[in-house]
Visitor: 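Quick one: this structure, given as structure tokens, is what I'll be asking you about.
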Amino acid sequence: MKILITGGTGFVGTQLIARLIRDSHEVTTLTRSLKSVKMTSPGVSYLEGDPTRKGPWQQSIQDQDAVINLAGASIFSRWTDEHKKAIRESRIHTTQNIVEAIPSSPNKPFTLFSTSAVGYYGFCGDEELTEESPPGNDFLARIAVEWEEEASKACKKGARVVITRFGIVLGEKGGAFGQMIPLFKKFMGGPIGSGTQWFSWIYIKDLAEAIVFLINHPEVSGPVNFCSPNPVRNRDLAKALGKVLHRPSFIPAPGFMVKLVLGEFGSVLLKGQRVIPRKLLEKGFVFTYPDIHLALQNIVGLST
């Protein structure tokens, strides 16, 4: 397949592209500047363009079989009004521009994989959440709802739309653990707040395999939860990470300090969601790293 990827130079994008190349897919990566491309790989071409703005890059979508949209400003920072605006606009404008460029009534199957997040569900305590669960009403949930609505407009053009709701992505070259592992190595790691909040996660290798799985299962559309079937409480995550790093994991980050440092974003870390990947499991997808201990052992082994 010919696949265009936005956000392809980031943590998820680079590892996903490597997996797609293994299956001989032709990948085009949209980048804001060709000068920023440090390495090239066989089977990957690069296209210059800003996905948040209309431009000549949109024409390339006409020749593709699929678009995987990973673009969006990071949520992992303090949410000033300016950054909240960037979080929203980077997602909404990019998706609008992609959908606008998709040919109407294409003469061949076309798929849009549009990233969303488990933040769609809001904060629901211990309730197990599946793709059928309703959305929440906090900032991230409202963004996710709007984001998904824009992507779903591609259905009117005859495209297949898959909404990939990511949990927290873990991996050895970035993601959440890029910040957590150094703290634990310095004997500063531990649970956040009460530690009872749920942490819905997915190992980067399983995420990439799940995308490939859905490419090969064109009957699947709509929202799909991308997270391990075994979410963990934050305190158990800290304990598991401390164990594989041979470091203590009992030094908590008090909730009031998290809110003081991160503001509104602190609520995301202090509350969390308990999300289950029902669609992937029902279609027969097998997670290679369903257990947090196994995933962490692999991450730490590759990071050291």
Visitor: Does the cation-pi check pass for Lys84 over Phe139, that is, NZ or CZ under 6.0 Å from the six-membered ring centre and within 45° of its axis?
Guide: yes

Visitor: One thing to verify: whether Arg91 and Glu146 come together as a salt bridge, which I'm taking to mean a side-chain N less than 4.0 angstrom from a carboxylate O.
Guide: no

Visitor: Can you find a heavy atom in the side chain of Ile21 that is under 4.5 Å from one in the side chain of Glu26?
Guide: no

Visitor: Within the side chain of Glu48, is there an N or O that forms a donor-acceptor pair under 3.5 Å with the backbone of Leu34?
Guide: yes

Visitor: I'd like to know whether Gln58 forms a side chain to side chain contact (heavy atoms under 4.5 Å, CB included) with Glu100, so could you lay out the CA-CA distance, the side-chain angles of the two residues, the decisive distance to 0.1 Å, and finally the verdict.
Guide: CA-CA 8 Å; Gln58 290 174 287; Glu100 178 185 282; 3.3 Å; yes

Visitor: Going by heavy atoms in the side chains, are Ile168 and Ile202 under 4.5 Å from each other?
Guide: no

Visitor: Check the pair Thr164, Leu207 against side chain to side chain contact (heavy atoms under 4.5 Å, CB included), reporting the backbone distance first and the verdict last.
Guide: CA-CA 10 Å; Thr164 56; Leu207 184 152; over 6 Å; no

Visitor: Decide whether Ser200 and Gln273 meet the rule of one side-chain donor and one side-chain acceptor closer than 3.5 Å.
Guide: no

Visitor: Does Asp65 come within less than 4.0 Å of Lys108, counting only side-chain N to carboxylate O?
Guide: yes

Visitor: When rounded to the nearest 0.5 angstrom, what is the spacing between NZ in Lys85 and OG in Ser90?
Guide: 12.0 Å

Visitor: Taking the side chain as everything from C-beta on, heavy atoms only, tell me whether Lys283 gets closer than 4.5 Å to Val220.
Guide: yes

Visitor: Work out which heavy atom in Pro290 is nearest to a heavy atom in Ser228; give both atom names and the distance.
Guide: O-OG, 2.8 Å

Visitor: Are the side chains of Leu280 and Leu214 in contact, using a 4.5 Å heavy-atom criterion?
Guide: yes

Visitor: Do Phe113 and Ile98 belong together in a cluster built from hydrophobic side chains that touch within less than 4.5 Å?
Guide: no

Visitor: Would you check if the side chain of Thr6 reaches a backbone N or O of Leu70 as a donor-acceptor pair within less than 3.5 Å?
Guide: yes

Visitor: Looking at side-chain heavy atoms only, is the closest gap between His83 and Ile75 below 4.5 Å?
Guide: no

Visitor: Does Val286 sit in a hydrophobic cluster with other residues, and if so which ones, taking ILVMFWY side chains as linked at heavy-atom separations under 4.5 Å, directly or through other members?
Guide: none

Visitor: Quick one: ring pair (Phe, Tyr, Trp, His ring centres under 6.0 Å) partners of Phe110, sequence neighbours excluded?
Guide: none

Visitor: In terms of side-chain geometry, is the basic nitrogen of Arg165 or Glu131 positioned less than 4.0 Å from the acidic oxygen of its partner?
Guide: no

Visitor: Under 4.5 Å between side-chain heavy atoms, counting indirect links through other Ile/Leu/Val/Met/Phe/Trp/Tyr residues: same cluster for Leu47 and Leu112 or not?
Guide: yes

Visitor: Considering non-hydrogen atoms only, spot the tightest contact between Ala151 and Val161 and give its length.
Guide: O-CG2, 3.7 Å

Visitor: Which heavy atom of Glu148 sits nearest to which heavy atom of Ser116, and what is that distance?
Guide: OE2-OG, 2.7 Å

Visitor: Report yes or no: do Trp198 and Phe123 belong to one cluster of Ile/Leu/Val/Met/Phe/Trp/Tyr joined by side chain heavy-atom distances under 4.5 Å?
Guide: no

Visitor: CD/Gln297 to CG/Asp291 distance, rounded to the nearest 0.5 angstrom?
Guide: 8.0 Å

Visitor: For Lys279 and Ser221, indicate whether the former's side chain and the latter's backbone hold a donor-acceptor pair under 3.5 Å.
Guide: yes

Visitor: Kindly compute the distance separating OG1 (Thr95) from CD (Glu149), expressed to the nearest 0.5 Å.
Guide: 12.0 Å

Visitor: Ignoring hydrogens and geometry beyond distance, is a side-chain donor-acceptor pair present between Asn225 and Tyr121 at under 3.5 Å?
Guide: yes

Visitor: Could you tell me if the side chain of Met1 sits less than 4.5 Å from the side chain of Gln64, heavy atoms only?
Guide: no

Visitor: Looking only at the side chains, is there a donor atom on one of Asn69 and Thr115 sitting less than 3.5 Å from an acceptor on the other?
Guide: no

Visitor: Within a reach of under 6.0 Å around CZ of Arg142, are more than 12 heavy atoms found that belong to other residues, nucleotides or ligands?
Guide: yes

Visitor: Looking only at non-hydrogen atoms, find the nearest pair between Trp57 and Asp50 and report the distance.
Guide: NE1-O, 3.3 Å

Visitor: I'd like to know if the side chain of Asp236 reaches the main chain of Val232, judged simply by a donor and an acceptor atom lying under 3.5 Å from each other, with no hydrogens or angles considered.
Guide: no

Visitor: More than 12 non-hydrogen atoms from neighbouring residues, nucleotides or ligands closer than 6.0 Å to CD on Glu132, yes or no?
Guide: no

Visitor: Verify the cluster assignment for Ile68 and Trp147: are they in a single hydrophobic cluster under the rule of side-chain heavy atoms below 4.5 Å apart?
Guide: no

Visitor: Can you tell me how far CG of Leu170 sits from CG of Asn298, rounded to the nearest 0.5 angstrom?
Guide: 11.5 Å

Visitor: Answer with yes or no whether the hydrophobic clustering places Ile163 together with Leu16; edges join I, L, V, M, F, W, Y residues whose side-chain heavy atoms lie under 4.5 Å apart.
Guide: no

Visitor: Test your reading of the model: is there a side-chain donor-acceptor pair from Arg32 to the backbone of Gly49, 3.5 Å cut-off?
Guide: no

Visitor: Between Ile204 and Val12, is a side chain to side chain contact (heavy atoms under 4.5 Å, CB included) present by the stated rule, with each step listed?
Guide: CA-CA 7 Å; Ile204 183 66; Val12 172; 4.1 Å; yes

Visitor: Before accepting this row, confirm whether a basic side-chain N of the pair Glu209/Arg19 lies closer than 4.0 Å to the acidic partner's carboxylate O.
Guide: yes

Visitor: So which atom in Ile17 and which in Ile5 form the shortest heavy-atom distance, rounded to 0.1 Å?
Guide: CG1-CD1, 3.6 Å

Visitor: If we only count heavy atoms from C-beta on, is the Val162 to Val224 side-chain gap below 4.5 Å?
Guide: yes

Visitor: In this structure, is the centre-to-centre distance between the rings of Phe287 and Tyr289 below 6.0 Å?
Guide: no

Visitor: If you measure only the distance, is there a donor-acceptor pair under 3.5 Å linking the side chains of Thr52 and Thr94?
Guide: no

Visitor: Could you walk me through whether Ile3 and Leu20 satisfy the side chain to side chain contact (heavy atoms under 4.5 Å, CB included) test, starting with their C-alpha distance in whole Å, then the side-chain angles of each, then the deciding distance to 0.1 Å, before giving a yes or no?
Guide: CA-CA 9 Å; Ile3 302 172; Leu20 292 171; 4.2 Å; yes

Visitor: Take atom CG of Asp81 as the centre, draw a 6.0 Å sphere, and report whether it contains more than 12 heavy atoms from other residues, nucleotides or ligands.
Guide: no

Visitor: How many angstroms lie between CG in Asn230 and CD1 in Ile276, if you round to the nearest 0.5 Å?
Guide: 7.5 Å

Visitor: Could you tell me whether the side chains of Thr29 and Thr31 share a donor-acceptor contact shorter than 3.5 Å?
Guide: no

Visitor: Nearest heavy-atom pair of Gln15 and Phe11: which atoms, and what distance?
Guide: NE2-CE1, 3.4 Å

Visitor: Hey, is the main chain of Thr130 close enough, under 3.5 Å, to the side chain of Arg278 for a donor-acceptor pair?
Guide: no

Visitor: Does the side chain of Leu129 come within less than 4.5 Å of Tyr120's, by heavy atoms?
Guide: no

Visitor: Could you list the residues that satisfy ring pair (Phe, Tyr, Trp, His ring centres under 6.0 Å) with Phe226, not counting sequence neighbours?
Guide: Phe166

Visitor: Calculate, to the nearest 0.5 Å, the distance between atoms CD1 and NZ belonging to Ile292 and Lys243 respectively.
Guide: 13.0 Å

Visitor: More than 12 heavy atoms of other residues, nucleotides or ligands under 6.0 Å from NZ of Lys54: is that the case?
Guide: yes

